[in-house]
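What follows is a short report on a single structure.
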Protein chains: 2
Amino acid sequence: MGIKDDAVEVRAQGWRTLAALHGLIESELERSLQAEAQLSVVEYTVLDALSRQDGWHMRMQQLARATALSASATTRLVNRLEDRGLLTRILCADDRRGIYTELTASGIKLLEEARPTHDATLERALAEAQDIPELAPLVDALPKLHAHA
Amino acid sequence: MGIKDDAVEVRAQGWRTLAALHGLIESELERSLQAEAQLSVVEYTVLDALSRQDGWHMRMQQLARATALSASATTRLVNRLEDRGLLTRILCADDRRGIYTELTASGIKLLEEARPTHDATLERALAEAQDIPELAPLVDALPKLHAHA
DNA sequence: TATTTATTGTTGCACAAGCAGATACCACGC
DNA sequence: GCGTGGTATCTGCTTGTGCAACAATAAATA
């Protein structure tokens with residue numbers, strides 16, 4: 001075992017920790033968001049991402065990258081949300097291949113109803129992860145990434 | 001905006017960063033493992049977890065927790081791997097509800113063939129993430145979690 | 001201008017996931 | 001022993017996902 005092999009193993013372990021924490025949080029979010037707002041985590045992510053945009057427009061492909069989803073999955077995801085009246089498609093004039101999406105009032109409303117659930121579940125999930133020795137260090141590291149004070 | 005609201009927002013941002021990095025890495029692993037070893041990330045995770053058990057077997061439910069998968073998904077995942085001859089089910093004597101899984105020689109072999117691909121892809125994905133400003137801090141933090149030297 | 005090449009988004013298909021219900025088994029109280 | 005409640009796994013059904021092929025538009029090039 002040389003230094004090189006150690007680096008490989010450290011990366012692998014970091015990835016396992018990341019995946020484990022991600023899985024834990026996502027599972028809990030999935031359940032609570034589904035129960036409280038009939039939204040999957042990805043659906044919430046889309047609404048949240050749209051609400052966070054300046055000008056409130058995003059193209060399909062941006063959405064696909066933001067959610068780490070395939071193009072086809074994104075199409076259908078937007079279909080579902082559009083069918084529920086939470087967002088609308090807007091053909092964009094300058095590039096007629098492109099399609100913008102925009103939250104409707106109903107979408108904004110649902111997002112704001114869901115946000116407390118999301119935030120509370122996230123807090124609870126992180127607290128649970130704190131109690132798991134392998135995950136605790138990563139939980140501690142997270143808030144330090146963007147702490148600005 | 002008080003201190004409390006800040007904490008909520010910091011957690012949310014940490015979660016978005018975590019999810020984004022996870023999605024990026026998983027996508028790349030998915031592609032490369034599928035191409036090189038016909039394994040999905042979850043399948044690789046199972047084989048890896050079993051190999052790491054060092055003589056000990058794993059029960060279905062442990063596997064479900066290790067992969068953040070539902071019980072039914074775990075059943076079918078094990079079915080797939082068993083059908084390919086990569087692992088075997090072992091009824092355990094003391095608790096006849098329980099089922100242990102164990103890697104076959106063929107499973108060990110495939111895992112060892114896949115590991116270099118996995119490790120290389122992971123390194124590449126992390127390097128790419130390094131170039132994305134929002135992700136870089138988390139990438140830097142990861143190896144510090146388990147560094148032991 | 002005409003023709004190729006690249007990009008953006010949608011659809012057909014096969015497969016993996018979760019939920020709810022079923023089955024087999026353990027543990028405890030009577 | 002018998003029944004009750006809880007646990008471990010499997011199956012039927014519905015839904016979401018990725019890949020590959022496609023249509024429409026833009027950009028590049030001759």
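Everything numeric in this text was worked out from a predicted model, so none of it was measured. In what follows, chains carry the letters A, B, and so on, assigned in the order in which the sequence lines appear, proteins first and then strands, with residues in each chain numbered from 1.
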Would you mind classifying the nucleic acid contact of Arg76(B) as base, sugar-phosphate or nothing, using non-hydrogen atoms under 4.0 angstrom? base
Determine yes or no for a side-chain-to-main-chain donor-acceptor pair under 3.5 angstrom, with Gln62(A) supplying the side chain and Arg59(A) the backbone. yes
Check for a donor-acceptor pair, side chain of Glu82(B) on one end and backbone N or O of Asn79(B) on the other, with a separation under 3.5 Å. no
Measure from the side-chain N and O atoms of Thr74(B) to the backbone N and O of Met60(B), and report whether any donor-acceptor pair falls under 3.5 Å. no
Nearest nucleotide by nearest heavy atom, which residue falls closer to the 5' end of DNA chain C, Arg31(A) or Glu43(B)? Glu43(B)
Hey, which of these two, Ile99(B) or Ser72(A), hits DNA chain D nearer its 5' end, going by closest nucleotide? Ile99(B)
State whether the side chain of Thr101(B) and the backbone N or O of Thr88(B) hold a donor-acceptor pair below 3.5 Å, judged by distance alone. no
List, by chain and then residue number, the residues other than Tyr100(A) in its hydrophobic cluster (Ile/Leu/Val/Met/Phe/Trp/Tyr, side-chain heavy atoms under 4.5 Å); write none if there are no others. Ile90(A)
With heavy atoms under 4.0 Å as the rule, sort Ala71(A) into base, sugar-phosphate or nothing. base
Which pairs count as ring pair (Phe, Tyr, Trp, His ring centres under 6.0 Å) when at least one residue sits in residues 22-51 of chain B, sequence neighbours excluded? Trp15(A)-His22(B), His22(A)-His22(B), Tyr44(B)-His118(B)
Would you mind telling me which residue lines up with the more 5' stretch of DNA chain C, Ser70(B) or Arg89(A), judged by nearest nucleotide? Arg89(A)
Between Thr75(B) and Val42(A), name the one whose nearest nucleotide on DNA chain D is closer to the 5' end. Thr75(B)
Is Glu9(A) salt-bridged to Arg16(A), going by a charged N under 4.0 Å from an acidic O? yes
Rounded at 0.5 Å granularity, tell me how far CD in Glu113(B) sits from CD in Glu36(B). 10.5 Å
Contact boundaries on DNA chain D for chain B, cut-off under 4.0 Å to non-hydrogen atoms: dG6(D) to dC13(D)
Less than 3.5 Å apart, which donor and acceptor atoms pair up between the side chains of residues 130-143 of chain B and the rest of the protein, not counting sequence neighbours?
unit_1    : atom_1 : unit_2    : atom_2 : d
Gln130(B) : NE2    : Asp140(B) : OD1    : 3.2

Give the first and the last nucleotide of DNA chain C, reading 5' to 3', that has any atom under 4.0 Å from a heavy atom of chain B. dA16(C) to dC26(C)
Is a salt bridge present between Asp48(B) and Arg52(B), judged by a nitrogen-to-oxygen distance below 4.0 Å? yes
Kindly compute the distance separating CD (Glu43(A)) from CG (Leu87(A)), expressed to the nearest 0.5 Å. 10.0 Å
Given Watson-Crick and G-U pairs under 3.5 Å, DNA chain D in dot-bracket ([ ] crossing, | other strand) is ||||||||||||||||||||||||||||||
